[in-house]
Amino acid sequence: MCETGVKVEFEKKAFEQIRQNASQVLNSDDAPDVTECNKGNATSGLLASQGLLTNLNDYVSEYGWDKIITGSLADTGKYDEQGMMGSGDWYGITTGAVK
């Protein structure tokens, strides 16, 4: 593990809390820099289509994540303008890809 000196404040939430409140939390001045949420059209797709998730295309290219994360694992991080999973811009990296 790499030591970066970055301070991380960890806050644990139940899935139901995230599902119900994600759009309110992400659309505020107190929005977290990084969050984990359910992958899929109804959760991450909706948030991406509402402009509440940051487009990660530049980072994906810079770090070569698109070469490492492919196929169905890549699909869970990409959403189109309508919030449909599987194509379009990168808005997340699946936890299945983390080693």
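Values below: every heavy atom of this structure, side chains too, minus hydrogens, waters and symmetry copies. All figures in this text were calculated on a predicted structure; none of them were measured in a lab. Sequential numbering from 1 along the given sequence is applied to the chain's residues.
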Residues Leu53 and Leu26: closest non-hydrogen pair is CD2-CD1, 3.8 Å
Interatomic spacing from CG in Asp89 to CG in Asp58 - rounded to 0.5 Å: 10.0 Å
Please give me the minimum heavy-atom distance between Gly45 and Tyr79, naming the atom from each residue. CA-CD2, 3.4 Å
ILVMFWY cluster, Tyr91 and Leu73 together (side-chain gap under 4.5 Å): no
Minimum side-chain heavy-atom gap Ile69-Trp90 below 4.5 Å: yes
Are Trp65 and Ile93 packed together at the side-chain level, in the sense that at least one heavy-atom pair is separated by less than 4.5 angstrom? yes
Once you round to the nearest 0.5 Å, how far does CG of Asp66 lie from CG of Asn57? 9.5 Å
Looking at every non-hydrogen atom in both residues, tell me the closest pair between Asp75 and Met85 and how far apart they are. O-CG, 3.0 Å
Leu47, Leu52, Leu46 screened by side chain to side chain contact (heavy atoms under 4.5 Å, CB included) with Ser49, the one that passes: Leu46
